[in-house]
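Written out below as structure tokens is the structure these notes cover.
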Amino acid sequence: MSIPVVILIMLAAGVFGGIVSFLLPANESSDTGKKLKPWWQCVILGIGATVLVPLFLEFAQSKLLDNGYFAWSWKNPDVPAATVLTKDYLLYAAYCLLAASAGFKFINMLINNVVKEEQFNKLKTEKEELEKQSIKRIKNNQSESLKAEENILKKVPVSRGIESASDNEKLRSVIAGLPPIKDPNDPQKGRFGGKPERNGRRLSASVKASAVPGFYNVTLQVESTDPQKPLDAPVIFYIHDSFTPSVYTVRPDEFENGVAVDDEVLSYGAFTVGVIADNGDTLLELDLSEDSKFPKEFRMR
């Protein structure tokens, strides 16, 4: 389509459609019957609406203007075999006339569509970015967890003066068989069977307000519930990856009255704790956010 001809169609349709808009009953006051907008204002709005028709066609995914050319000719002079598509010109004139007759309503509709499209694109971009960050964090969590597990199996000391458990094939097999991290916000969730008590062992916790505003002192402990089966093997704790270390061991000689205790956790919010006890025979899991005894603020974070 010839761009100069298209511009003439827009101007003519804008003027004619503006006059139609001026004469429509919608432009009359229901009380006095007087015109709400003068004719010249309707014409300006009509021309403005026709200028936005290409944007409307873009939203509608129309190809009406795809083969535009800058020449005062009904058909493209650079393509001798091209035919004059009278239908296209008439169709475009009709679009312009409708837009001009609608005036401000058409303009307002397009503005809303543009805003919605921008919001959609922004939300789509944010969602894709969050998904990328989530995948990256899962990989990082898995990598950090694997490193900590390797430290335990190699008997490399971690922080707090706590050393690793015995290097045995059964424990190695259990650690290697742990499910991968699925929730980057709670990396140990679902990896240790989901139960805080089994095989005569119980994982429990206590949460108290800390002297540090907004933080809580968390004490974790694993104990025997069967007097005939005292806890006598190292206990491996798995906590949130934001702690250092996130995987560590408490040896039997560090137990307090036969209980594996860690009272050095300062936390801002709840997380899931995983435990390997009895050299791999017992897996325990406790989600601190599910215990109603703990402060609501702590559980909701």
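Taking a cutoff of 4.0 Å between a charged side-chain nitrogen and a carboxylate oxygen, R201 and E285 do not qualify as a salt bridge. Taking the charged nitrogens against the carboxylate oxygens, R299 and D291 have no contact shorter than 4.0 Å, which rules out a salt bridge.
By the criterion of side-chain heavy atoms lying less than 4.5 angstrom apart, applied directly or through intervening Ile, Leu, Val, Met, Phe, Trp or Tyr residues, I236 is not grouped with V261; the two fall into different hydrophobic clusters. V265 and L286 fall within a single hydrophobic cluster, where Ile, Leu, Val, Met, Phe, Trp and Tyr are joined by side-chain heavy atoms under 4.5 Å apart, directly or via other members.
Here the straight-line distance linking atom CZ of F294 with atom OG of S206 works out to 7.0 Å at 0.5 Å rounding. Rounded to the nearest 0.5 angstrom, T282 OG1 and L203 CG are separated by 11.5 Å. Separating the CD1 atom in I276 from the CZ atom in R191 is a distance of 8.5 Å, to the nearest 0.5 Å. Note that CG of L288 is 7.5 Å distant from OG of S267, once rounded to the nearest 0.5 Å. Atom CG of N217 and atom CG of L266 lie 6.0 Å apart (nearest 0.5 Å). In this structure, CZ in F298 is found 8.0 Å from OH in Y216, a value given to the nearest 0.5 Å.
Under a 3.5 Å cut-off, the side chain of E223 and the backbone N or O of V259 do not form any donor-acceptor pair. Under the 3.5 Å distance criterion, the side-chain polar atoms of D226 are matched with a main-chain donor or acceptor of Q228. Using modelled atom types, one side-chain atom of E254 and one backbone atom of R251 make a donor-acceptor pair closer than 3.5 Å. With hydrogens and angles disregarded, a donor-acceptor distance shorter than 3.5 Å links the side chain of K229 to the backbone of N199. For the pair H240 (side chain) and G269 (backbone), a donor-acceptor distance under 3.5 Å is absent.
Under the 4.5 Å side-chain criterion, counting only non-hydrogen atoms from C-beta, V275 is in contact with V235. Counting heavy atoms from C-beta on, the side chains of V250 and F255 come closer than 4.5 Å. Between P252 and P234 there is a side-chain heavy-atom pair separated by less than 4.5 Å.
For the residue pair S246 and D241, the shortest heavy atom distance occurs at CB-CA, 3.8 Å. The two residues A233 and D278 come nearest to each other via the heavy atoms CB-CA, 4.1 Å. For A205 against L220, the heavy-atom pair with the smallest separation is CB-CD2, 3.8 Å. The shortest non-hydrogen separation linking Y238 to F192 is CG-CZ, 3.4 Å. For the residue pair G280 and V174, the shortest heavy atom distance occurs at O-CG2, 3.5 Å. Nearest approach of K189 to T272, heavy atoms of both residues: CD-OG1, 3.5 Å.
N257 CG: 12 or fewer foreign heavy atoms inside a 6.0 Å radius.
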So L284 and R198, side chain to side chain contact (heavy atoms under 4.5 Å, CB included) or not? Walk me through it.
CA-CA 7 Å; L284 305 173; R198 60 167 46 136; 3.5 Å; yes
Given Q188 and V273, is the side chain to side chain contact (heavy atoms under 4.5 Å, CB included) satisfied, shown in steps?
CA-CA 6 Å; Q188 310 310 338; V273 184; over 6 Å; no
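For F243 and F271, the gap between ring centers is short of 6.0 Å.
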